[in-house]
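These notes concern the structure reproduced below.
Chain letters run A, B, ... following the sequence lines, proteins first and then strands; every chain starts at 1.
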Amino acid sequence: MLPPASVSELLTRAGEISGMTLAQLAARRGFAVPPDQQRHKGWTGTLIESALGAVSGSQPQPDFPALGVELKTLPVGRGGRPRESTYVCVAPVDGRPQSWATSLVRRKLTCVLWVPVEGAAAIPLGERRIGTAFLWRPTEAEESQLCADWAEIMEAITIGELDRISARHGKWLQLRPKAADARARTRAPGADGMPGQTLPRGFYLRSAFTARILARRSATIRLPAAWPGR
DNA sequence: AGCTGATCATAT
DNA sequence: ATATGATCAGCT
């Protein structure tokens with residue numbers, strides 16, 4: 001699938017897969033449906049990427065570079081609440097000065113195509129349905145808060161106090177481990193200004209934030225949101 | 001039940 | 001090791 005030439009085309013593609021089950025889309029894309037996600041955590045995201053023509057690979061940039069749009073699947077449980085936090089990107093813990101304006105977090109969150117997917121544990125993976133995708137941009141207030149969260153975390157990193165930052169920090173944007181396991185290490189400034197190492201981290205959006213995003217959509221778009229009653 | 005810290009697969 | 005796609009699983 002070639003990348004969409006426009007945001008309009010991207011939305012059209014998203015509309016064409018909404019309502020489908022993951023098994024149906026998997027068949028169309030030639031994906032095998034795993035029994036569960038225990039060893040296939042990124043399966044849904046990769047499948048949706050494939051269907052929409054996202055640029056594959058592990059590049060630190062939005063999924064649709066030409067459009068400046070990032071793609072995120074959002075597992076939604078009963079009650080319409082996100083079942084998980086949303087990974088944004090790796091956190092630069094090397095201590096180099098960064099600015100919010102050019103940060104990867106901001107670039108990724110400037111424009112996101114959210115694709116809700118049924119995520120209730122009771123529904124077999126293949127039977128989960130793809131919801132109605134929608135384009136989102138942070139409001140000024142949201143970006144201001146995201147920037148504040150980001151700045152607090154980045155400040156701690158810069159002065160070598162990354163280890164005092166836990167997932168409890170940040171109203172909407174938090175820092176959490178992002179590694180193969182707890183023994184993984186990456187370069188980071190030490191408390192004394194000397195080179196050191198630490199567990200790699202990533203930025204994540206709290207589910208309370210993505211819940212707001214979903215709620216705003218509901219309020220903006222005419223009901224019935226008619227989410228399949230399962 | 002929700003949250004934090006840990007973990008899994010894959011590509012480069 | 002670093003980046004992507006995320007969810008898992010133990011603890012409060």
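- Between the CG atom of A:L71 and the P atom of C:dA3 there is a distance of 20 Å, given to the nearest Å.
- Taking atom CZ of A:R206 as the reference point, atom C1' of B:dC3 lies 8 Å away to the nearest angstrom.
- Contact between the side-chain N/O atoms of A:S207 and the OP1/OP2 oxygens of B:dC3 is found at a separation under 4.0 Å.
- As judged by a 4.0 angstrom heavy-atom cut-off over every strand, A:E70 is placed among residues touching the sugar-phosphate backbone only.
- An OP1 or OP2 oxygen of C:dT2 is reached within less than 4.0 angstrom by a side-chain nitrogen or oxygen of A:T186.
- Listed pair A:Y87 / C:dT4 meets the phosphate criterion, a side-chain N or O lying under 4.0 Å from OP1 or OP2.
- Rounded to whole Å, the distance from NZ on A:K108 to C1' on C:dT4 is 7 Å.
- Here the shortest heavy-atom pairing between A:L162 and A:L175 reads CD1-CD2, 3.4 Å.
- Looking at heavy-atom distances under 4.0 Å, A:P200 makes no contact with the nucleic acid at all.
- For the side chain to side chain contact (heavy atoms under 4.5 Å, CB included) test, residues two or more places apart in sequence or in another chain that qualify with A:S6 are A:S8, A:E9.
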Please evaluate residues A:C89 and A:R107 with respect to the criterion side-chain contact (heavy atoms from CB on, under 4.5 Å), reporting the C-alpha separation (whole Å), side-chain torsions for both, the decisive distance (0.1 Å), and the verdict. CA-CA 10 Å; A:C89 61; A:R107 274 196 293 148; over 6 Å; no

Determine, for nucleotides 5-12 of chain B in 5'-to-3' order, which nucleotides have protein heavy atoms under 4.0 Å from the base (write B), from only the sugar-phosphate (write S), or from neither (write -). BBBBS-B-

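- Across all strands shown, A:R83 has no heavy atoms under 4.0 Å from either base or sugar-phosphate atoms.
- For the 3.5 Å distance criterion, the side chains of A:T132 and A:R217 fail to qualify, holding no donor opposite an acceptor.
- Residue pairs meeting the ring-ring contact (aromatic ring centres under 6.0 Å, His included) criterion with at least one partner in residues 152-172 of chain A, sequence neighbours excluded, are A:W172-A:F209.
- A donor-acceptor pair is defined here as one N or O able to donate and one able to accept, closer than 3.5 Å; such a pair exists between the side chain of A:E70 and the backbone of A:D63.
- In this structure, A:Q37 atom CD and C:dA9 atom C1' are separated by 15 Å, rounded to whole Å.
- Counting to the nearest Å, the P atom of C:dG5 and the CD atom of A:Q59 are 10 Å from each other.
- Atom pair A:Q197:CD and C:dT2:C1' shows a separation of 14 Å (rounding to whole Å applied).
- A straight line from CZ of A:R201 to P of C:dA3 spans 15 Å, rounded to a whole angstrom.
- The side-chain contact (heavy atoms from CB on, under 4.5 Å) test with A:L22 is passed by exactly one of A:I123, A:V33, A:V117: A:V117.
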